[in-house]
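These notes concern the structure reproduced below.
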Amino acid sequence: MNPFSKTLLACALLLPVSVVAQDKKAPDPTGAAKLAALLQDLESLAPDAWNQRVQELETKIAAHGKAAADLRKRAKELQSKATREDDAAKAVRAEIERLRSLMALVKPKGKPTPKKAPAKKVAEATAAKPKAKPKAAMKKAPAKKPAPKKKAAPKKATPKKQAPKKATPKKKAPPPAMAAAAAPKAKNVAPAKAAPPPKVQVVSYVEHLQPLLEERCTVCHDEEDSSGGLDLSTYGRAIEGGSSGATIAPGNPEGSRLFLMVSKQERPFMPKDDDPLSKAEVEMIRAWIALGAPEDTASAEAAAEKLRKKLSEEAAQRAAPQPTNAPVMPQNWKPVALTEVVRPPAVKTIASSPHAPLAAIAGQHQVLLVHTESLETIGVLPFALGQVEVLRFTSDGRKLLAAGGRPGKRGGAILFDVATGHAIAEFGPERDTVLAAAISPGQSIVALGGPSRRVRAYATETGERLYEIRAHNDWVLSADISPDGNYLVTTDRAGIVQVHEADTGRDVHTINPKGGSANAVAFRPDAKAFAVGTHDGRVRSYEIGDGKQLWSKVHGRDAVLGLAWSIDGSLTTCGVDGRARRWNRNGGELARSPALKEWAYSVAWSTSKRTLVGDWAGRVHVLDATGKKVDTAIQPAVAGPSS
């Protein structure tokens, strides 16, 4: 044992002796002497003892340094191995593409793979075929036209007298005047041209950016020499940014300093003191950031598919026929009898066509179509799923989504064609009634929610479930998709407001207004903000970008149950107080209706510049353009004006 160790042992032995002495409360006459002896021993230690201890510690430092260096070397080897594996995966993926191309050439052209479609849609397509096929009958029709020239008056007189008999059933559907008014305009609608799928470049950090950055940038921006605190040698450090903050804003190339500097839009231009990047290289960096700056190939392909879908939907929306020139109205619907009721059901939902004088109103297991100028019921749609809870027109006014069901049993939604009254598709089934429903502007997604506390999104073309949101812990009460198709907002009975990406369902914001149950939500027409009506009688407006509250106003003493934006950007709300109020986009009150004597459940703003308010007693109150006066009230479920 060396002298240094002996001294330390002596110090260790000294402590317990002193403690025991204190416990016995007996003085230790030798304590001072022992301390003096220890100090002498320390002073008498040879310098070699101290140096030996320092050498031992330096040996440990060297061992730790070597281990760290080995780990760094191994990390580089693993990174190189990962790159090789990515390249191998890319080669396999290319082989798959070649096989698919070969399959397309070999596969018989007469047997295309059938697409999955809703049963009702297939049934309608099958039923429509006999009407489209009899070309022979169509060719024979012109042969009958010369008959009048030969003065075959007796033959022509008979159908003229019988014409009124054929017109009788048509009156049960839309009135002849309405059908005649709508039909000529509908002919002006040109079918939308199918836009080619948008081209989106698939770019990832590992496969594309890292080789470029290693060649042109990491000379000055790596772990050893991170100029400006920026290290571009790894994905994590590149996203983290430098000493002045993040240099990459995923999804926003024009807001990313890296792109601005390499494209010479912001100083200092990069690479510094070297040739600029080529146009192809700059475009690759821009495409990578636009995709959201994905790390690997798999995430890059997923991001590309998401962007491609978004661009396709926007293109389809731009290419769609302009319904302002041809508002769609019911035309020659098959008559459906109005359900006789002892007491009209509460009008829980009203929807107004964005381009036609047409409103959809919830009835008894039916949807009633009312002309907003004449206030006549011009069409009835059966809703076999149960009670109607939600009605939504598509942005072009050509389709109507109806959702609801039987509480505790089953629910779902049906998409109707407004012109024909045919059911196009059905979504679900849900295990309980549907209380919240929305359809995207491009008509590609239908979202449903209810007591299950889940939100499920379906593809309108196939009825296939796209995703499921489990972010809510209470009944989902309302939902809306932004007019640009980017966001889905859902609210629940606990008062939580969730903002999601519409095409993926991923969470964006969670907002808690702290006003009790969030009963209604609706997007502003410009898609930059939305409004929420809560149980505490308040209506609040939030910015979609960051979830910031723009304003909060008191509607009444009790719950807000319905709200709707108009084309001019004003917001109308209604609730338990039985009144409707109109607000401007900044929360200033514009109008207040008289008391309607019943809970006001739903509200809609029509192209006739009238506001429709549905109440608990089954009445629809029609406010004038000012929103301060009730013009009249109707009860569509009993087909007549209210008393």
Side-chain angles (χ1 to χ4, degrees), residues 79 82-83 86-87 90 195-315 318 484-486 501 503-504 508 527-528 544-546:
Q79 182 64 48
T83 302
D86 282 330
D87 292 340
K90 182 180 177 182
K199 294 181 180 179
V200 177
Q201 188 176 357
V202 179
V203 185
S204 70
Y205 175 85
V206 172
E207 187 176 351
H208 303 92
L209 263 292
Q210 192 172 33
L212 174 63
L213 296 176
E214 286 179 352
E215 181 182 352
R216 302 299 306 275
C217 304
T218 55
V219 175
C220 300
H221 298 285
D222 62 2
E223 185 179 5
E224 296 179 0
D225 183 14
S226 54
S227 179
L230 179 61
D231 180 4
L232 298 175
S233 61
T234 67
Y235 177 78
R237 292 194 178 104
I239 294 296
E240 183 180 348
S243 56
S244 59
T247 58
I248 298 168
N252 183 14
E254 285 69 25
S256 304
R257 295 189 66 240
L258 175 65
F259 172 71
L260 295 176
M261 288 188 291
V262 298
S263 61
K264 293 190 174 183
Q265 299 182 53
E266 182 178 314
R267 292 184 180 277
F269 298 154
M270 292 293 169
K272 190 176 181 181
D273 301 327
D274 200 353
D275 294 335
L277 300 183
S278 67
K279 289 183 179 180
E281 291 169 334
V282 172
E283 174 58 26
M284 183 171 67
I285 293 176
R286 189 206 65 77
W288 175 64
I289 298 174
L291 279 182
E295 180 176 6
D296 51 28
T297 303
S299 57
E301 289 179 344
E305 180 60 28
K306 173 184 171 183
L307 182 59
R308 196 177 292 114
K309 184 176 180 181
K310 177 183 176 183
L311 295 176
S312 296
E313 186 163 303
E314 291 175 352
R318 288 192 300 269
D484 58 9
N486 291 334
E501 293 180 351
D503 53 355
T504 65
V508 178
K528 295 180 179 179
I544 188 60
D546 56 8

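Counting begins at 1 with the first residue of the sequence. Scope of the values below: all heavy atoms of this structure, side chains included, with no hydrogens, waters or symmetry mates.
Annotation: salt bridge (Lys or Arg N to Asp or Glu O under 4.0 Å) contacts of Glu207 (sequence neighbours excluded): Lys90. Under the side chain to side chain contact (heavy atoms under 4.5 Å, CB included) criterion, Leu260 pairs with Gln265, Glu266, not counting sequence neighbours. By the side chain to side chain contact (heavy atoms under 4.5 Å, CB included) test, Pro253 pairs with Phe259, Arg286, Ile289, Ala290, sequence neighbours left out. The side chain to side chain contact (heavy atoms under 4.5 Å, CB included) test applied to Ala82 returns no partner, not counting sequence neighbours. With sequence neighbours left out, Glu501 forms a side chain to side chain contact (heavy atoms under 4.5 Å, CB included) with Lys306, Asp503, Thr504, Arg506, Val508. Contacts of Asp296 classified as side-chain hydrogen bond (donor to acceptor under 3.5 Å, both in side chains), with partners at least two apart in sequence or in another chain: Ser299.
When side chains are defined from C-beta on, Ile248 counts as touching Pro250, because their heavy atoms get closer than 4.5 Å. Side-chain contact between Ile285 and Leu277: present, with at least one pair of heavy atoms (C-beta onward) separated by less than 4.5 Å.
A tilted orientation is assigned to the rings of Trp288 and Tyr205, their planes being inclined by 30° to 60°.
Taking CD of Glu283 as the reference point, atom CD of Gln201 lies at 6.0 Å (rounded to 0.5 Å). Separating the CG atom in Leu291 from the CZ atom in Arg308 is a distance of 9.0 Å, to the nearest 0.5 Å. In this structure, the separation between CG on Leu213 and CD on Glu281 is 10.0 Å, given to the nearest 0.5 Å.
The shortest non-hydrogen separation linking Thr247 to Ala238 is OG1-O, 4.2 Å.
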